Number of protein chains: 2
Amino acid sequence: MAAKRPAADDGQAARTDGAVAPQPRGSVMRDVARLAGVSHQTVSRVLNEHPNVRQETRRRVLEAMQALNYRRNLAARTLVTRRSGTLGVVGLETTLFGPASMLYGIEDAARTAGYFVTVASVRTLERRSVLEAVDRLCQQSVEGIVAIAPKPAVTNALVQVPSGLASVGVGGGADDDAVPTVRIDNAAGARLATQHLLDLGHSTVHHVAGPPDWPEARERVEGWRGTLYAAGAPVPPVEPGSWSAQSGYEQGQALARDPAVTAVFCGNDQIALGLLRALHEAGRRVPHEVSVVGFDDMPDSGYFLPPLTTIHQDFAELGRRSLTVLLDQIQHPGDRPADHVLLSPELVVRASTAPPRA
Amino acid sequence: MAAKRPAADDGQAARTDGAVAPQPRGSVMRDVARLAGVSHQTVSRVLNEHPNVRQETRRRVLEAMQALNYRRNLAARTLVTRRSGTLGVVGLETTLFGPASMLYGIEDAARTAGYFVTVASVRTLERRSVLEAVDRLCQQSVEGIVAIAPKPAVTNALVQVPSGLASVGVGGGADDDAVPTVRIDNAAGARLATQHLLDLGHSTVHHVAGPPDWPEARERVEGWRGTLYAAGAPVPPVEPGSWSAQSGYEQGQALARDPAVTAVFCGNDQIALGLLRALHEAGRRVPHEVSVVGFDDMPDSGYFLPPLTTIHQDFAELGRRSLTVLLDQIQHPGDRPADHVLLSPELVVRASTAPPRA
DNA sequence: CGCTAACTTGTGATCGGTAACAACTGGGGT
DNA sequence: ACCCCAGTTGTTACCGATCACAAGTTAGCG
């Protein structure tokens, strides 16, 4: 028997002193098979829960695996099955609350479904770096790609993905029909916020927007503007900004000087935080003189001064849903049109909004 | 030539209609070799930048790779080299600012070093779930594991890692010498904060701590307490809490009622946020009546009301340094004692601290 | 008792790379 | 002219799993 693999043992010994030490080798299927007194194929059957294995044999194999602390080699399995059991995530290198939460939602759902997750983060959302990230994931032979995709460059890059590879964009805007997406209804969220302020009696609502090149920000602007139109309220101008508290603070300083401003809807909670500070410094009290609404419902926004009324979106759920879509694609690789899942955000009323002073 | 691989084309056709479609196969090394008119081994040499390949040959191979859009199959490479080029991260499923930042720091450094990153997140820090996560990563045959390790259960689980596998804990406490760690000097940070307040003239400093079962929280308590001792200041009692704004708010309500409280050091910035709200609601002005210091320097804390004086720690750097340690272990697998890297945090003075009122 | 069907198990090929070794080139030194 | 060595390329075995197929075993049934 040993004669069949002449180089096995000797070769192993002869290989010492390599430049970079290879991983120490654990036991492999052959070892388990030998210990259990069966063929390697039977071990494989037990592992893959093939029905036609005698109970007694299965027990022996499982015992041998236990005894040898056997772990199946995924590389070998991947090589032959062409299925890696791995999904890729293209993530933006940011600590914005949303993206981070989505990542964990995705990982959680992937684990439940029996998949591994590898991350390729990009520092910028340029087309080139996204393509590079996708390429890295393809090398890993991932079975599908989730792109945390706030900007079109990302989903566009997905279109270039080698044909047949499943993909989904999560949490961005809706600008490309070719790639399935899962996102929240930003316009609806903006409408909720704006209408809430109008309903309180404000004659109009100002808006401090996120970066204009982010579709999410644009959709929120449109929802806000549409609501004002529908109500016949004047539409104040919008200045370009970023997602940061600093941006909210800077624009807030200007708004605070304008006594006509009684209600402000912010592109996200961080902007709202900056705005609150600017209003406070200018001596304008919230919500008595100015009402403020945010977007995202970060864990902290209930503890702002005052606690922030905002639009809640469930990032973890977004991550989970994106995985549902992705797995569906993997299992039924029909080329029917990409689906677009749209989740509804909710208004959370806290203490930063009130009717305008008479 | 074709006779050598009789099943290649026919087998492919016969395999249609499998239950789950395997990945569509791209071109492989053999295809590139054929197109370039060389052997597959030469292609391998070009790929691995082996020096002894004629310039002209290399050019032809590269062209062929380009033309066929060739991508090397990492599973095959891993199988034979026993090196996966992948590192594993055990991450806590949380959106705390710190862990999320570290993840990106790690991924960034890993990419630079030519490694992939796969994530295994855990929902709780129990020993069992951490072990399970480590096991998942081992299956992936990662070459090293970074554990975002705020609690000892995590680093302890690392000790159980199959011998020879490199590992490092990042960002937790220092309670186990067996596993290398990279973390910031929490006690030193706490001393900075406390001393800052004492230097302003406060007769003592109160503390709202993080969860007592987190070493990080405990180290901060010790740093604070030690500084008070050294200054001969009375040491107020510490209540158990969590890292959340809610915890800060609840404990803040009690502190706000006590007129003897003029300076508070918080376990992190979120706690400080809650505390600020409690003080505000109780009508105690910050910093004029009460000074507050946080810990972490989240991006938003400069926009709290008032802007928060806090201890800055560089999470991304923490992630990068952990990778340095890990790669060092991989390249020099000597069994010398584990190193422990300790980064120094910095005091950032903003507007939430001032001398006590006369 | 023989025969087929279902269950169980083993054998050999294969996935796509890399490692080891052999074979073939073309100078440079004596 | 000869040898040797370095540079270049090809051949073959191998990593550790799965798959297809064959072979042996048991059971059911006329």
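These figures come from a predicted structure and were not determined experimentally. The chains referred to below are lettered A, B, ... by the order of the sequence lines, with proteins before strands, and numbering in each begins at 1.
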Query raised in the report: Looking across every strand, which nucleic acid part, if any, lies under 4.0 Å from B/V38 by heavy atom: base, sugar-phosphate, or nothing?
Result: sugar-phosphate
Report task. With heavy atoms under 4.0 Å as the rule, sort A/N52 into base, sugar-phosphate or nothing. Result -> base
Query raised in the report: Taking only N and O in the side chain of B/R71, is any of them less than 4.0 Å away from OP1 or OP2 of C/dG16?
Result: no
Query raised in the report: Would you call A/E63-A/R60 a salt bridge at under 4.0 Å N-O?
Result: no
Query raised in the report: What nucleic acid atoms does A/T42 come within less than 4.0 Å of, heavy atoms only: base, sugar-phosphate, or nothing?
Result: sugar-phosphate
**Report entry** Options D/dT11, D/dC14, D/dC19, nucleotide nearest the side-chain atoms of A/Q41
**Finding:** D/dC19
Query raised in the report: Could B/E56 and B/R59 be called an ion pair, given the rule that one side-chain N must be under 4.0 Å from one carboxylate O?
Result: yes
Requested in this report: To the nearest 10°, let me know how far the axis at one end of the helix from C/dC1-D/dG30 to C/dT30-D/dA1 is tilted from the axis at the other, five pairs an end.
Outcome: 50°
**Report entry** Any B/Y70 side-chain N or O less than 4.0 Å from OP1/OP2 of C/dG17
**Finding:** yes
Query raised in the report: So, do B/R123 and A/D108 sit near enough that their side-chain heavy atoms are less than 4.5 Å apart?
Result: yes
Query raised in the report: With respect to the phosphate group of D/dT8, does any side-chain polar atom (N or O) of B/R58 fall under 4.0 Å of OP1 or OP2?
Result: no
Query - Options D/dA17, C/dG17, C/dT9, nucleotide nearest the side-chain atoms of B/V28 - result: C/dG17
**Report entry** Nearest-neighbour nucleotide for the B/A76 side chain, C/dG12, D/dG16, C/dG17 considered
**Finding:** C/dG17
Query raised in the report: Between B/E107 and B/R111, does at least one N-O distance fall below 4.0 Å, as a salt bridge requires?
Result: yes
Requested in this report: Between D/dT9, C/dG10, D/dG16, spot the one nearest the side chain of A/S39, thanks.
Outcome: C/dG10
Query raised in the report: Between A/T57 and B/L47, who's closer to the 5' end of DNA chain C by nearest nucleotide?
Result: A/T57
Requested in this report: Decide yes or no for A/Y115 and A/I330: does some side-chain heavy atom of the first lie under 4.5 Å from some side-chain heavy atom of the second?
Outcome: yes
Query - Listed nucleotide nearest any side-chain atom of B/R54, set D/dT9, D/dA17, C/dT18 - result: D/dT9
Requested in this report: Output yes when at least one side-chain N/O atom of A/R77 is less than 4.0 Å from OP1 or OP2 of D/dT18, else no.
Outcome: yes
Report task. Ignoring backbone atoms, test whether A/N73 places a side-chain nitrogen or oxygen under 4.0 Å from the OP1 or OP2 oxygen of D/dC15. Result -> no
Query raised in the report: Can you name the closest pair of heavy atoms from A/Q329 and A/P180 and give their distance?
Result: NE2-CG, 3.4 Å
Report summary line: Quick note, A/H40 side chain, CB onward, closest among D/dC15, D/dT9, D/dT18 is D/dT18
Requested in this report: Answer whether the closest heavy-atom distance between the side chains of A/R127 and A/V130 falls below 4.5 Å.
Outcome: no
Report task. Classify the side chain of B/R45 and the base of D/dG10 as holding, or not holding, a donor-acceptor pair under 3.5 Å. Result -> yes
Report summary line: note: B/R83, atom CZ; D/dC14, atom P; distance rounded to Å ~ 23 Å
